[in-house]
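What follows is a set of notes on a single structure, which appears directly below.
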Amino acid sequence: TFAKPFIVWSRGIVMGGGMGLMTGASHRIVTERSLLAMPEITIGLYPDVGATHFLKQMPAGCGLFLGLTGAHMNATDALFLNLADHFVASTSKADVINGLQAIQWGDTAALNHEKVTDLLNQFSARDGALRPASQVEAQLPLLKKLTSGPDVVSVVQQILADNTDDPWVTRARNNLAGGCPMTAHIVWNQLQHGADLSLADCFRLELTLSVNCAVKGDFAEGVRALLIDKDKQPNWQHASVADVEAETIDEFFTSPWDAAEHPLAHLGQ
C-alpha cells in the first residue's frame with residue numbers, strides 16, 4: 001500500500017522472511033546470484049510471510065510443489081513465478097543506484113513508478129544474457145502431474161515415488177522426504193483455505209497458524225535439529241504424512257482470538 005516506489009535487491013540467499021519482504025515490493029530485482037525458497041518444511045513451520053497469497057498465484061502445481069518441498073528457485077524461476085520483476089547483473093548495483101539518484105522525481109506516484117521501471121528495464125535488456133537456465137518452467141508438466149491428487153497424502157506419495165533424475169527435482173524430493181509431516185498438511189490446507197482470501201485475510205490466517213505452530217506444532221523441534229543442535233535428526237510428532245489426523249490440522253487453523261480481538265483485525269480496513 002506504500003505509494004512510493006519500493007525497490008528490493010535480492011542479494012544471494014532470499015528465503016523465509018526475506019521472501020516476505022521481497023514480494024511486497026513494487027520493484028523486485030533478481031541477479032545471477034539470487035537463490036530463493038520457502039524451506040519451512042525442514043523446520044516444522046509452514047510457508048508464511050504472505051505465502052498463502054503468493055503461492056496460490058503461481059501456475060498450476062508450482063505453489064503446492066514449492067511449499068511442500070522447499071525447492072530452491074533461481075532468478076529465471078522467480079521471474080517466471082512472478083516473484084520478481086527485473087533481472088539485473090549483480091555487478092550493476094552501483095550503476096542502478098546512480099541511475100535512481102539521477103531520476104527527476106515528481107508528485108505523481110504512477111509516473112515515479114514508471115520511471116523506476118524504465119530504468120530497470122534498460123539494465124534487464126543489457127544484462128539478460130547472464131540469466132540462469134530455468135528450473136521450474138522446464139519441469140512444469142511434471143509439477144502439474146505430481147501435484148494432481150485428491151489429498152495431500154496422495155500428492156506426497158506421488159512426489160516421493162517419482163524417479164526423475166533431474167538434480168533440482170531430486171533435491172526437492174529429498175527435502176520432502178525428510179520434512180515435517182504436519183507442515184505438509186498445513187501447506188495443503190492453507191492453499192485450499194487461501195484460494196479466495198484477500199491479502200489481509202491471508203496475514204490474519206498466517207498469524208493464527210504461526211501461534212499454533214509455536215504452541216502445539218513441530219516448530220521447536222525443527223529449529224533444534226537444524227539450527228541449535230544441528231544434528232539434522234528431527235523427531236517429528238508423526239512418522240509420515242499419512243499418520244497425521246485431520247482433527248490435528250484443524251486445530252492449527254482455529255484462531256485463539258475472536259475476530260474482533262485478532263491482533264491484525266484492522267489490517268485492510
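Sequential numbering from 1 along the given sequence is applied to the chain's residues.
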Practice item. Please assess Ser92 against Asp127 for the test side chain to side chain donor-acceptor pair (under 3.5 Å), listing each intermediate value before the final yes or no. Key: CA-CA 9 Å; Ser92 297; Asp127 299 343; 3.0 Å; yes
Point to revise | Main-chain N/O of Asp162 paired with Arg173 side-chain donor or acceptor, under 3.5 Å | key: yes
Check your understanding: Does any N or O in the side chain of His185 come within less than 3.5 Å of the main-chain N or O of Val241, such that one atom is a donor and the other an acceptor?
Key -> yes
Review point. Would you say the side-chain atoms of Thr31 pair up with the backbone N or O of Ala89, donor to acceptor, closer than 3.5 Å?
Key: no
Exercise for review: Could you tell me which non-hydrogen atom of Pro141 sits nearest to which non-hydrogen atom of Ala138, and how far apart they are?
Suggested key: CD-O, 4.4 Å
Practice item. Indicate, with yes or no, if Leu191 and Val136 share a hydrophobic cluster defined by side-chain heavy-atom contacts under 4.5 Å among Ile, Leu, Val, Met, Phe, Trp and Tyr. Key: yes
**Study point:** Rounded distance (nearest 0.5 Å) linking atom CD1 of Ile29 with atom OG of Ser124
**Key:** 8.0 Å
Practice item. Examine distances only and state if a side-chain atom of Thr108 and a backbone atom of Ala110 form a donor-acceptor pair shorter than 3.5 Å. Key: no
Exercise for review: For the pair Thr254 and Thr208, evaluate side chain to side chain contact (heavy atoms under 4.5 Å, CB included) and give the outcome as yes or no after the intermediate values.
Suggested key: CA-CA 7 Å; Thr254 302; Thr208 291; 5.9 Å; no
Point to revise | Flag if over 12 foreign heavy atoms under 6.0 Å of NZ, Lys4 | key: no
Check your understanding: Just wondering, do Val156 and Leu176 contact through their side chains at under 4.5 Å, heavy atoms?
Key -> yes
Point to revise | Side-chain heavy atoms of Cys213 within contact of Ser210, under 4.5 Å | key: no
**Study point:** Over 12 non-hydrogen atoms of neighbours within 6.0 angstrom of CZ in Arg126
**Key:** yes
**Study point:** Trp188/Phe65 under ring-ring contact (aromatic ring centres under 6.0 Å, His included): CA gap, chis, key distance, verdict
**Key:** CA-CA 10 Å; Trp188 173 272; Phe65 185 85; over 10 Å; no
Revision key, fill the gap. Between Leu36 and Ala78 the two heavy atoms that sit nearest each other are CD2-CB, 4.0 Å
**Study point:** Test item: Phe80 and Ser134 side chains (from C-beta on) under 4.5 Å apart, heavy atoms
**Key:** no
Point to revise | Any Ser34 side-chain heavy atom under 4.5 Å of Phe87 side chain | key: no
**Study point:** Spatial distance of atom CD (Gln57) from atom CG (Leu83) [nearest 0.5 Å]
**Key:** 9.5 Å
Study note, to complete from the structure: Given the options Thr117, Leu100, Leu119, His27 meets side-chain contact (heavy atoms from CB on, under 4.5 Å) only with Thr117
Exercise for review: Would you check if Asp48 and Met38 make a side-chain contact, meaning some heavy-atom pair closer than 4.5 Å?
Suggested key: yes
Review point. Quick one: are Val30 and Met22 in side-chain contact, heavy atoms under 4.5 Å?
Key: yes
Check your understanding: Going by atom types only, do Thr248 and Glu245 share a side-chain donor-acceptor pair under 3.5 Å?
Key -> yes
Review point. Taking the side chain from Asn212 and the backbone from Glu251, do they hold a donor-acceptor pair closer than 3.5 Å?
Key: yes
Review point. Looking at Pro47 and Leu55, what are the two nearest heavy atoms and their distance?
Key: CB-CD1, 3.8 Å
**Study point:** Minimal non-hydrogen separation, Gly16 against Pro39, with atom names
**Key:** N-CD, 4.1 Å
**Study point:** Distance (rounded to the nearest 0.5 Å) between His53 NE2 and Asp201 CG
**Key:** 11.5 Å
Practice item. Mind running side chain to side chain contact (heavy atoms under 4.5 Å, CB included) on Gln139 and Val169 for me, showing each step along the way? Key: CA-CA 8 Å; Gln139 298 294 341; Val169 176; 3.9 Å; yes
Practice item. Just grab all the side-chain hydrogen bond (donor to acceptor under 3.5 Å, both in side chains) pairs involving residues 258-269, residues at least two apart or on different chains. Key: none
Exercise for review: Taking all non-hydrogen atoms of both residues into account, name the closest pair between Ala37 and His72 and its distance.
Suggested key: CB-CD2, 3.7 Å
Exercise for review: State plainly whether one hydrophobic cluster holds both Leu64 and Leu142, where clusters connect Ile, Leu, Val, Met, Phe, Trp and Tyr through side-chain heavy atoms under 4.5 angstrom apart.
Suggested key: yes
Exercise for review: Report the distance from atom CG of Leu146 to atom CD of Gln157, rounding to the nearest 0.5 Å.
Suggested key: 13.0 Å
Exercise for review: Please confirm whether the backbone N or O of Gln135 pairs with a side-chain atom of Asp77, one donor and one acceptor, at under 3.5 Å?
Suggested key: yes
Check your understanding: Is the backbone N or O of Gly217 less than 3.5 Å from a side-chain atom of Gln237, with the two atoms forming a donor-acceptor pair by type?
Key -> yes
Practice item. Report yes or no: do Leu21 and Val14 belong to one cluster of Ile/Leu/Val/Met/Phe/Trp/Tyr joined by side chain heavy-atom distances under 4.5 Å? Key: no
Check your understanding: In Å, rounded to the nearest 0.5 Å, how long is the span from CG of Asn189 to OG1 of Thr52?
Key -> 11.0 Å
Review point. Do Lys56 and Cys202 pass the side chain to side chain contact (heavy atoms under 4.5 Å, CB included) test, and can you show the C-alpha distance, the side-chain angles, and the key distance before you say yes or no?
Key: CA-CA 11 Å; Lys56 72 181 182 181; Cys202 286; 4.3 Å; yes
Point to revise | Main-chain N/O of Lys115 paired with Trp105 side-chain donor or acceptor, under 3.5 Å | key: no
Review point. Considering residues, nucleotides and ligands other than Arg33, do more than 12 of their heavy atoms fall under 6.0 Å from its CZ?
Key: no
Exercise for review: Work out which heavy atom in Val187 is nearest to a heavy atom in Gly67; give both atom names and the distance.
Suggested key: CG2-O, 3.8 Å
Review point. So Thr183 and Glu40, side chain to side chain donor-acceptor pair (under 3.5 Å) or not? Walk me through it.
Key: CA-CA 8 Å; Thr183 294; Glu40 287 77 10; over 6 Å; no
Point to revise | Heavy-atom side-chain contact between Lys93 and Trp9 under 4.5 Å | key: yes
Exercise for review: State yes or no: do Met15 and Val49 share one hydrophobic cluster built from I, L, V, M, F, W and Y residues joined by side-chain heavy-atom distances below 4.5 Å, directly or via other members?
Suggested key: no
**Study point:** For Leu45, the rest of its hydrophobic cluster, which grows through side-chain links under 4.5 angstrom
**Key:** Ile43, Tyr46, Met182, Ile186, Leu197, Leu205, Leu209, Phe219, Val223, Leu226, Leu227, Ile228, Val244, Ile249, Phe252, Phe253
Review point. Ile41, Trp168: one ILVMFWY side-chain cluster at the under-4.5 Å cut-off?
Key: yes
Point to revise | From OG (Ser10) to CZ (Arg28), nearest 0.5 Å | key: 10.5 Å
Practice item. Verify the neighbour count for atom CD1 of Ile103: are there more than 12 heavy atoms of other residues, nucleotides or ligands below 6.0 Å? Key: yes
Practice item. May I ask you to decide if Glu221's main-chain N or O and Asp218's side chain share a donor-acceptor pair within less than 3.5 Å? Key: no
Exercise for review: Go through Leu66 and Leu81 one step at a time and tell me if the side chain to side chain contact (heavy atoms under 4.5 Å, CB included) criterion holds.
Suggested key: CA-CA 11 Å; Leu66 294 171; Leu81 297 169; 3.6 Å; yes
Check your understanding: Taking atom CG of Asn98 as the centre, does the number of heavy atoms from other residues, nucleotides or ligands within less than 6.0 Å exceed 12?
Key -> yes
Check your understanding: So, the side chain of Lys230 versus the backbone of Ala225: is there a donor-acceptor pair under 3.5 Å, distance only?
Key -> no
